[in-house]
Q: 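For reference, the structure I am asking about is given below.
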Amino acid sequence: MLNLDHISKSFGGHRVIDDLSLTFDLGVHGLLAPNGAGKTTLMQMIATLIHPDSGSITWQGQDILAMDEDYRGLLGYLPQKFGFYPDYSATEFLIYIAALQGIGRRQAKPLVADLLEMVGLGDRAGQRMKTFSGGMIQRVGLAQTMINDPDLIVLDEPTAGLDPRERVRFRSLVHSLAQDRIIILSTHIVSDLETIADRVIMLKDGRVRCNLSPGRISGRLEGKIFLVPTGYRLEEGQALLEEEHEGGETSLRIYSPWPPDQGQVVTPNLEDAFLVVYGDERS
Amino acid sequence: MNDFEPDVRPILMAMRGADAEPDTGAVAAGERMPVWDEAEYGQRERSIRMIRRKGLEKRPGLVRTLVGVIRSLGLRNLLFGLWDCVFIGLIASIVIWAAIIGGVSQTHWLNRTDRLFGLVVPVFVCSPALFLVVHFLVVVKERNLNTLNLIRTCRWSFRQIATVRMFLFGMVSMMVSSLATVLLVRTANPGLPTMIILGICFSSLFLFSLLQMWAEGHLHTVPAMVLVPALWILAGLVIQLMRSEIAPYLMAIPPILSLATGLTLLAVFLVVLHRYCTGDRLEKRVENLGRPVMA
């Protein structure tokens, strides 16, 4: 279990993470927030790349900074900008990462072959990584997070820059890894989390605004999301979420605590919740 | 968008789950982080230091790090993806030293002081060349490829890897510079013992390395990479301009003292690397925790 206890972090006087406390158990935990909300800072603190100004992060009750290499040995981390050496093959690169994780070359070779097979790159294992697409690079990135069979996987915006097909493939890979691990996945793409996250954590102003399963989050909005005709005048307390176009007709999807005139109630989804929480940041 | 600022507070309250923290803000933070006076702060710092000393395993020193890293990772992984930087550095320093040796061999017609400083200044300025070029290329390449963040989260500590790399670059530079210096002295025959020139070579190399490490620990990347090389070139110019004043002192230095100075700086370089290896695990955490407000 990973525990974040009242952690704060500021950069240049701006508080990015503000007295935040969270507990992560087995499963996929999605950090959902717009860009600049502190997701990467939080992920980097969990990955020990930066240290909290105050508060502590503990793994099974031990401070992760004091655990040092013992903690890093159980961590798999995919940074937002995954760095690799373009002139080396995926196999060479993963054997190198295995060495940095304390795994010998002989033991690493079959492991690397299995991992590349798992991410669907078995047939490209010997090719230089500079010939790979963005999606293939991300899959190598995911494979490297698994090289030490980690208990905790931290994925920082893993689907950024992937096309929809690659995103679906990536999500199913993450889902298959989550059986007996803690996976923390940050994203600003709502659909990344809707199907695979056990819990969705929304951050705003460096604090936790919501920490629930996607279903429960949507459930909280049950009876509060409506389709209304264009030209509908919003009242105070209501919020426009988006315009919907269907069959040549345009309607407005709104949040309203009460049923509006001419309003048709619709099933809420995670994106509605995202827009409700962060709507003011879009305007 | 709508004209109204929607009041989403009720829905935020509703969505806040059991795990979410109450929005207590600065009041809660203030309650948890009392302001100590200096005496209380000092007492607290001493207690923390004692707990850390007793509770934390020490990091391995330089020798154990060298043995551990080289045995486990090998040179192949220690410089994975960076062999091109090493190769370019070696080629660059061979070209630099060859040019200097070629130039110095043409200075027989100069007077003794000019001939002497035609050797001393290049030895001073160029001894750290290999260290600088390889180190600079490695830093630039790793930053451009964004590989550092990944490496720093692996089980092998990047601190240890960086230490071994610095050690290797320092030792290889020392060997190359020594060889080039001996060749230079043989070519130019400046009338000064080889030990003095070797002393200048080692002193320059390790003083440069120490200053470079300091700069990288205290400055942003670009100024850190530029400052010390610029200082070195400037110092070379100053030595060249003041050669008549410096020459008598240089002639009077006992050869053993010159070499001993160089070797002392080598020892300081190794001690600094050792201290970097054994650096406190919780240094930054403790530095940042609960600093008193000195109003």
Side-chain angles (χ1 to χ4, degrees), chain A residues 6 8 18-23 44 47-49 51-54 63 65-66 68-69 72-73 75 77 79 81-88 96-97 99-102 144 148 202 207-212 216-217 220-221 224 234-240 255 257 273 276-277 279-280 282-283, chain B residues 1-8 10-12 14-21 23-26 28-29 32-33 52 55-57 59 72-74 76-78 80-82 84 141-142 144-158 160-161 281-285 287-290:
Chain A
H6 293 284
S8 295
D18 187 11
D19 196 32
L20 182 144
S21 295
L22 275 171
T23 299
Q44 289 188 336
T48 69
L49 290 171
H51 308 306
D53 293 339
S54 61
D63 189 293
L65 297 178
D68 212 8
E69 71 268 18
R72 293 196 304 272
L75 169 74
Y77 175 57
K81 289 178 184 166
F82 169 55
F84 62 95
Y85 298 97
D87 288 322
Y88 286 84
Y96 167 59
I97 296 296
L100 294 181
Q101 294 286 18
Q144 68 78 26
N148 52 337
M202 293 193 192
R207 291 174 177 220
V208 175
R209 286 298 181 218
C210 161
N211 182 5
L212 292 169
R216 281 187 69 193
I217 291 175
R220 303 267 171 158
L221 291 173
K224 295 189 173 72
L234 290 169
E235 296 172 44
E236 197 164 346
Q238 296 179 325
L240 175 65
Y255 160 76
V276 167
V277 174
D280 52 335
R282 293 186 312 147
S283 56
Chain B
M1 275 304 283
N2 56 317
D3 297 326
F4 304 113
E5 186 68 25
D7 181 11
V8 295
I11 198 73
L12 288 177
M15 285 169 65
R16 204 168 279 144
D19 287 359
E21 282 301 308
D23 220 343
T24 46
R32 286 196 318 104
M33 302 286 288
R52 280 157 62 204
L56 287 178
E57 197 184 324
R59 282 190 163 125
S72 300
L73 295 182
R76 180 198 183 104
N77 288 317
L78 186 66
F80 183 88
L82 305 171
D84 49 352
K141 184 166 185 181
E142 288 198 319
N144 284 348
L145 293 179
N146 286 316
T147 48
L148 275 183
N149 272 0
L150 184 60
I151 295 171
R152 285 170 58 205
T153 56
C154 290
R155 190 182 184 96
W156 267 105
S157 136
F158 182 70
Q160 289 175 296
I161 293 169
R281 285 162 197 255
L282 295 179
E283 207 167 19
K284 289 194 175 163
R285 269 286 306 284
E287 268 173 23
N288 289 328
L289 282 175

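All values reported here derive from a predicted model rather than from experimental measurement. Convention: sequence-line order gives letters A, B, ...; per-chain numbering from 1. Note: hydrogens, waters and symmetry copies are ignored here, and every other heavy atom, side chains too, is used.
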Q: If I measure from the heavy atoms of chain B, does Phe84(A) come under 4.5 Å with its side chain, its backbone, both, or neither?
A: backbone
Q: Relative to chain A, which segment of Ser157(B) carries a heavy atom at a distance below 4.5 Å: side chain, backbone, both, or neither?
A: both
Q: What pair of heavy atoms forms the shortest contact from Ala99(A) to Leu73(B), and how long is it?
A: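 The pair with the smallest heavy-atom distance is O-CD2, 3.2 Å.
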Q: Kindly assign one of parallel, tilted or perpendicular to the pair Tyr96(A) and Phe80(B), based on the angle between their ring planes and the thresholds 30° and 60°.
A: parallel
Q: To the nearest 0.5 angstrom, please state how far the CG atom of Leu148(B) sits from the NZ atom of Lys81(A).
A: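 Leu148(B) CG to Lys81(A) NZ: 13.0 Å, rounded to 0.5 Å.
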Q: State, to 0.1 Å, how close Tyr77(A) and Leu150(B) come at their nearest heavy-atom pair, and which atoms those are.
A: O-CD1, 3.4 Å
Q: Can you list the residues that meet the side chain to side chain contact (heavy atoms under 4.5 Å, CB included) rule with Thr48(A), with sequence neighbours excluded?
A: Ile64(A), Leu65(A), Tyr71(A), Arg72(A)
Q: For each of Ala47(A), Gly102(A), Gly83(A), Pro86(A), tally heavy-atom pairs with chain B at distances under 4.5 Å, and name the one with the top tally.
A: Gly83(A)
Q: When you measure from the side chain of Gln101(A) to the backbone of Arg155(B), do you find a donor-acceptor pair of N or O atoms at a distance under 3.5 Å?
A: yes
Q: Please examine the side chains of Leu49(A) and Thr153(B), heavy atoms only from C-beta on, and report whether any two atoms are closer than 4.5 Å.
A: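 Touching, per the 4.5 Å side-chain cut-off.
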Q: Under the rule for side chain to side chain contact (heavy atoms under 4.5 Å, CB included), what residues qualify as partners of Asp84(B), not counting sequence neighbours?
A: Lys141(B)
Q: Once you round to the nearest 0.5 Å, how far does CD1 of Ile97(A) lie from OG1 of Thr147(B)?
A: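 The distance works out to 8.5 Å.
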